[in-house]
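Comments concern the structure below.
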Amino acid sequence: MICYSMGSCALGQLLVAWSDRGICAVGLADTPDQLILSLQADFADHPLQKIDPASSPYFSTVHRFIEVPSASPPDLPLDLMGTAFQQRVWQALTDILPGQTLSYAQLARNAGKPSAIRAVANACGANRIAILVPCHRVVRSDGTPGGYRWGADRKQTLLAREATTPDH
DNA sequence: AAGCCCATCCGAA
DNA sequence: TTCGGATGGGCTT
């Protein structure tokens with residue numbers, strides 16, 4: 001059983017989903033329909049139950065962190081469902097500090113698979129937990145943003161708001 | 001077991 | 001600036 005709550009936030013519509021082990025998805029989209037469809041696609045084999053955000057153990061904390069980012073993300077249990085390789089990559093993602101960016105090649109080195117660059121990029125794209133697992137801080141080697149599951153525009157917004165020293 | 005997809009990278013023209 | 005080859009994990013057949 002997977003429960004989820006939805007609401008509005010500064011980046012659009014926000015979805016937080018959790019299992020009995022912790023948060024298993026955080027999604028961003030323009031409309032609630034898009035969020036539900038992608039949740040159903042990701043967890044096709046699980047029953048889903050919608051919960052009022054006010055009754056969710058996680059929604060308000062995630063929502064607040066998005067509205068008012070703090071230096072360190074809230075310490076919430078995450079239920080990362082993926083292969084061993086994907087978990088390695090996602091773990092390496094959590095080591096990236098706010099305001100810091102890495103190339104996919106650097107992330108591949110940090111994850112111990114320096115030549116598996118595209119595979120690492122694919123693992124980033126397979127991450128279902130937006131913002132708490134900061135995959136938006138990984139960009140291409142040439143400085144261009146690269147892709148983002150929840151919209152390239154949101155990736156740029158997140159990077160811009162985290163940039164500590166804007167250049168002039 | 002084979003084939004295709006992919007949020008990459010780098011060198012060459 | 002574009003192009004093609006190398007690359008490896010995941011998913012479907």
Side-chain angles (χ1 to χ4, degrees), chain A residues 1-2 4 6 9-19 21-48 62 65-66 69 72-73 76 78-167:
Chain A
M1 166 72 71
I2 287 175
Y4 67 96
M6 292 190 295
C9 73
L11 296 168
Q13 293 296 308
L14 169 69
L15 175 146
V16 178
W18 63 96
S19 68
R21 299 169 51 86
I23 294 174
C24 60
V26 171
L28 296 165
D30 294 334
T31 71
D33 277 2
Q34 294 169 7
L35 286 172
I36 292 182
L37 285 173
S38 104
L39 186 72
Q40 287 171 341
D42 283 351
F43 299 99
D45 43 345
H46 297 71
L48 304 175
V62 174
F65 178 63
I66 291 173
S72 56
L76 299 172
L78 302 182
D79 183 6
L80 265 27
M81 306 189 357
T83 66
F85 175 78
Q86 288 168 335
Q87 307 230 16
R88 275 170 88 91
V89 173
W90 298 339
Q91 180 60 48
L93 286 173
T94 64
D95 293 334
I96 310 176
L97 272 25
Q100 183 184 17
T101 62
L102 249 53
S103 70
Y104 290 95
Q106 288 171 319
L107 181 64
R109 276 199 292 278
N110 290 357
K113 294 272 181 183
S115 62
I117 299 168
R118 294 204 59 178
V120 164
N122 282 334
C124 290
N127 167 43
R128 283 179 288 267
I129 303 181
I131 302 176
L132 297 184
V133 177
C135 60
H136 58 277
R137 299 185 188 135
V138 188
V139 299
R140 291 192 186 188
S141 304
D142 63 7
T144 55
Y148 193 56
R149 179 172 183 171
W150 299 281
D153 49 342
R154 284 197 185 88
K155 184 172 188 173
Q156 309 220 56
T157 302
L158 286 164
L159 290 173
R161 92 199 310 213
E162 286 183 0
T164 50
T165 59
D167 45 292

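None of these values were measured; they are calculated from a predicted model. Every heavy atom of this structure was used, including side-chain atoms; hydrogens, water molecules and symmetry mates were not. By convention in this document, chain letters (A, B, ...) are assigned in the order of the sequence lines, proteins followed by strands, and residues within each chain are numbered from 1.
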Does B:dC9 have OP1 or OP2 under 4.0 Å away from a side-chain N or O of A:S141?
yes
Given C:dG9, is OP1 or OP2 found less than 4.0 Å from the side-chain N or O atoms of A:K113?
yes
Side chain of A:R118 only, heavy atoms from C-beta on: which candidate in B:dA7, C:dG8, C:dG9 is closest?
C:dG8
In whole angstroms, how far is the P atom of C:dG10 from the CZ atom of A:R88?
12 Å
Check the pair A:R137 / A:D95 against salt bridge (charged side-chain N to carboxylate O under 4.0 Å, His left out), numbers first and verdict last.
CA-CA 11 Å; A:R137 299 185 188 135; A:D95 293 334; over 6 Å; no
Rounded to whole Å, the CD1-P distance (A:I117 to C:dA6) equals 15 Å
Taking B:dC9, C:dA6, B:dA7 as options, the one with an atom nearest any side-chain atom of A:S103 is B:dC9
Whole angstrom value for the distance that separates P of B:dC9 from CG of A:N122:
12 Å
Student check: side-chain heavy atoms of A:W90 and A:T94 closer than 4.5 Å
no
Length of the line joining A:D142:CG and C:dT2:P, which is rounded to integer Å
12 Å
Any donor-acceptor pair under 3.5 Å linking the side chain of A:K155 with the backbone of A:C135?
no
Roughly how many Å is it from CD in A:Q106 to C1' in B:dT8, rounded to a whole number?
13 Å
I need the CG-P distance between A:L159 and B:dA7, as an integer number of Å.
17 Å
Do A:M6 and A:I36 touch side chain to side chain, with heavy atoms closer than 4.5 Å?
yes
With a 4.0 Å cutoff (strictly under), does any side-chain N or O of A:R140 reach OP1 or OP2 of B:dT8?
yes
From CD of A:Q86 over to C1' of C:dG8, roughly how many Å is that when rounded to an integer?
13 Å
I'd like to check A:V26 versus A:L15 (side-chain heavy atoms, cut-off strictly below 4.5 Å). Are they in contact?
no
If you look at every strand shown and take non-hydrogen atoms under 4.0 Å, does A:F85 touch a base, only sugar-phosphate, or nothing?
sugar-phosphate
Round to a whole Å and report the spacing from CG of A:L107 to P of C:dT7.
20 Å
Base-pairing assignment for B:dA7 (Watson-Crick or G-U wobble, both under 3.5 Å):
none
